[in-house]
2 protein chains.
Amino acid sequence: MKGRQVTIKDIAAELGISASTVSRALKDHPDISVETKKAVNELAEKLNYKPNVLALSLRQSRSKIIGVIIPELIHHFFSSVISGIDDLAYANGYSVMIAQSNESFEREVNETQVMLSSRVAGVLVSVSKKTKNFEHFQVLEDNGIPVVFFDRVSKEMKMDKVVVDDFDGAFKAVDYLIKTGCKRIAHYGTSMHLLIGKNRHNGYLHALFKNNIPIDDSLIFKCDDYDEAWYLTEKLIKSGNMPDGIFAVNDITAIGALQAVKHLGLRVPEDISIVGFTNGRISTMSDPPLTTIEQHGYEMGQIAVRILLNRLEKDEEEHEPETRVIKTDLIVRESTKQI
Amino acid sequence: MKGRQVTIKDIAAELGISASTVSRALKDHPDISVETKKAVNELAEKLNYKPNVLALSLRQSRSKIIGVIIPELIHHFFSSVISGIDDLAYANGYSVMIAQSNESFEREVNETQVMLSSRVAGVLVSVSKKTKNFEHFQVLEDNGIPVVFFDRVSKEMKMDKVVVDDFDGAFKAVDYLIKTGCKRIAHYGTSMHLLIGKNRHNGYLHALFKNNIPIDDSLIFKCDDYDEAWYLTEKLIKSGNMPDGIFAVNDITAIGALQAVKHLGLRVPEDISIVGFTNGRISTMSDPPLTTIEQHGYEMGQIAVRILLNRLEKDEEEHEPETRVIKTDLIVRESTKQI
DNA sequence: AACGTCATCGCAAACGTTTGCGAAATTCCC
DNA sequence: GGGAATTTCGCAAACGTTTGCGATGACGTT
């Protein structure tokens, strides 16, 4: 019952041989006779021996754990990414340690300390909204722990990144709105110090520009969650400054706007068209279903892992930071008009 | 740059004292003089020393990692649970290692091996739909790794569990449907070998019974996802065997049914009332918003951690498995009629 | 018979930390 | 000032594993 776990020594003792021999036998070292190997393997099987990865990691001072730091777990996009991370990590014999910062800078810093303490092989991170300083990640790199950022990244960090083509995605969304007849398109965006905020904003501007639509600052807002969107949309409509299209930085915000529009007795898309960003599960559940941008979270997770594993293999020599950009797709549903 | 990490020995060498002294100084052992402590702590700070938890875990053969095995990450309920787990684990100095089984029995078994290898302190698990055999979890217990199950549990396992009061939740849902005038209530349920499937089913039956409504087997189905629900609902309505209420085993299924009903030109809740289970994010996003059962995933995660930590503290002596039941709440929205 | 060649295995150190025990050095007490 | 008590620290072992090196025998070769 309540037992210690079986070790190599237990096997060695029971067989009357040394621990080294058992170790070598288990990994099919040529120095060991077939009979010994057979005996060792059989006993290991019988005792349900599992190598102690702690000891292993300690020995070669590198663990098979990938650390992941994200702002929030309860979020379709992030859980997609983690799912991609977990699947590929698992396929390569790595385990995944997660830590959510809950959008708190202090906790994010603390989590990097934990990663350091745990001697993880590498860290994948999407920074919190409050993070404007990246020293704690540099510390990881300085201690030999490679860091790969995904989605929420910043320009100033000279490290590996994998991001979605936010500019192009936003452009596609807004361009589509225009092509379906919208002329007064509002943008609900997130913090501009996050690249994703800035890039989506710029994509929005670029689409207007390309289509010769003047920029109207009274239609551009910092607004990135459900309740905010509801409130803002209601205010906007009642104020008389009503847009005929809304491009929101994510699906939740888009749906908040959508609900508010319907609540006021207006129709989507006839009166106001709406486009979100992410293509999460909810985008098919709203009424009407949401036109949005597919962000390929699962693939993003996988790519991040692949970049990390690559770095871990050829770990020496100076390394030139790489930025991978994932293309988005416009998913047309019924919250926008026909083209 | 590309450095090894700082160890206790580095500090000891630089200060010309022994590693033991540094170790004791760092944890404020009374045997060490104040000046030494001061010197050690300052240097540790300066060098950014972080204890190597691998070595620590190896030493006392127990790590500060909680393993979590779940069927699917991309799922509002499960990510809520993990979020609760992570927050409480973090507060108690533990890290969280996740592993998704993707509803595969083989992978679930493999993940338990990994947990064993990693010498995690304990494991929290929600079993896959395919799991009908629980030996792999018994192996964990036999090796001194406590296991706590949550949500998806089975009767035959004699271990700690934390579940939602599925019976009562289902009862509340169906009872409410009846009170609002429904007479022909369909049930879309999940596998009966999962306790949650059976209990919700029984809660459904009990509500019918209490209200003297005969059970109609032609209204009971195994159907637990979006597409299935859409298809089944459409078939059901067209076949003329139309229910006036639907109680679904989760929100996604409920919304699938809701969409199908609307698609056929019928109204929710006037023609058919619908109740889901979970109260996930999507339940507020549908049109009309979904009446559902709040399942308290975040709290469930926290309770699971608390049970585990309790066991880890007084780890000796035989332990009587405990089952914690979390009460549900009926959340009334607009997919049901007024009472 | 003397030597080299293999095949097979064990010793011991190392990874970073903790901790019981003992060893100095200092202080105290009478 | 002699002994005891106290303070402050170091030694070494241990956790489980890997691995360079050396050891032991059994052979085969001259």
Side-chain angles (χ1 to χ4, degrees), chain A residues 3-41 43-44 47-65 93 116-121 143-145, chain B residues 3-41 43-44 47-65 93 116-121 143-145:
Chain A
R4 276 173 44 270
Q5 309 206 19
V6 182
T7 77
I8 261 186
K9 291 186 185 177
D10 299 327
I11 300 182
E14 185 142 347
L15 256 41
I17 58 181
S18 81
S20 355
T21 303
V22 175
S23 171
R24 281 188 261 253
L26 286 172
K27 40 190 46 179
D28 207 27
H29 191 287
D31 269 11
I32 307 297
S33 73
V34 270
E35 308 95 53
T36 308
K37 281 180 187 167
K38 187 155 171 295
V40 168
N41 281 308
L43 188 56
L47 297 182
N48 191 32
Y49 166 77
K50 299 289 168 217
N52 184 328
V53 301
L54 293 176
L56 218 167
S57 303
L58 180 59
R59 176 108 224 288
Q60 42 218 41
S61 23
R62 60 197 307 238
S63 73
K64 297 276 268 181
I65 299 181
L116 212 45
S117 249
S118 304
R119 268 43 173 189
V120 297
N143 284 65
I145 299 182
Chain B
R4 274 172 45 270
Q5 309 205 21
V6 182
T7 78
I8 258 186
K9 292 185 185 176
D10 298 328
I11 300 183
E14 185 142 348
L15 255 42
I17 58 182
S18 81
S20 358
T21 304
V22 175
S23 171
R24 281 188 260 253
L26 286 172
K27 42 190 44 180
D28 208 27
H29 191 287
D31 269 11
I32 306 298
S33 72
V34 269
E35 307 94 54
T36 308
K37 281 179 187 168
K38 187 155 171 293
V40 168
N41 281 308
L43 187 56
L47 298 182
N48 190 31
Y49 166 77
K50 300 289 167 217
N52 184 327
V53 301
L54 293 176
L56 218 168
S57 303
L58 180 60
R59 177 104 223 291
Q60 41 217 42
S61 23
R62 59 192 314 230
S63 73
K64 296 275 268 180
I65 299 181
L116 211 46
S117 249
S118 305
R119 267 45 173 189
V120 296
N143 284 65
I145 300 182

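Here is the naming used below: chain letters follow the sequence lines, and residue numbers restart at 1 for every chain.
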Separation of dA7(C) atom P from Glu35(A) atom CD, nearest Å, is 14 Å

Would you mind reporting whether Tyr49(A) and Leu43(A) have side-chain heavy atoms less than 4.5 Å apart?
no

Closer than 3.5 angstrom, by distance alone: can the side chain of Asn143(B) be matched with the main-chain N or O of Ile145(B) as a donor-acceptor pair?
no

Using OP1 and OP2 only, check whether a side-chain N or O of Thr36(A) sits under 4.0 Å from dT8(C).
no

Taken to the nearest whole Å, CG/Leu15(B) to C1'/dC9(D) is 13 Å

Do the side chain of Ser63(B) and the main chain of Arg119(B) share a donor and acceptor less than 3.5 angstrom apart?
yes

5' to 3', nucleotides 17-22 of chain C under a 4.0 Å protein heavy-atom cut-off (B base, S sugar-phosphate only, - none) gives BBBB--

Send over the distance from Gln5(B) CD to dC15(C) C1', rounded to a whole Å.
13 Å

Which side-chain N or O atoms in residues 25-33 of chain B pair as donor and acceptor under 3.5 Å with protein atoms at least two apart or in another chain?
from     : atom 1 : to       : atom 2 : distance (Å)
Asp28(B) : OD1    : Lys37(B) : NZ     : 3.1
His29(B) : ND1    : Asp31(B) : N      : 3.0
Ser33(B) : OG     : Thr36(B) : N      : 3.3
Ser33(B) : OG     : Thr36(B) : OG1    : 2.7

Non-hydrogen side-chain atoms of Leu116(A) and Asn48(B) separated by less than 4.5 Å
yes

Whole-Å distance, Lys37(A) NZ to dA7(C) P, equals 12 Å

For the side chain of Ser118(A) and the backbone of Val120(A), is there at least one donor-acceptor N/O pair under 3.5 Å apart?
no

Here the distance between atom C1' of dA14(D) and atom CG of Leu58(B), to the nearest Å, is 9 Å

Indicate, with a heavy-atom threshold strictly under 4.0 Å, whether Ile17(A) touches base, sugar-phosphate, or nothing.
sugar-phosphate

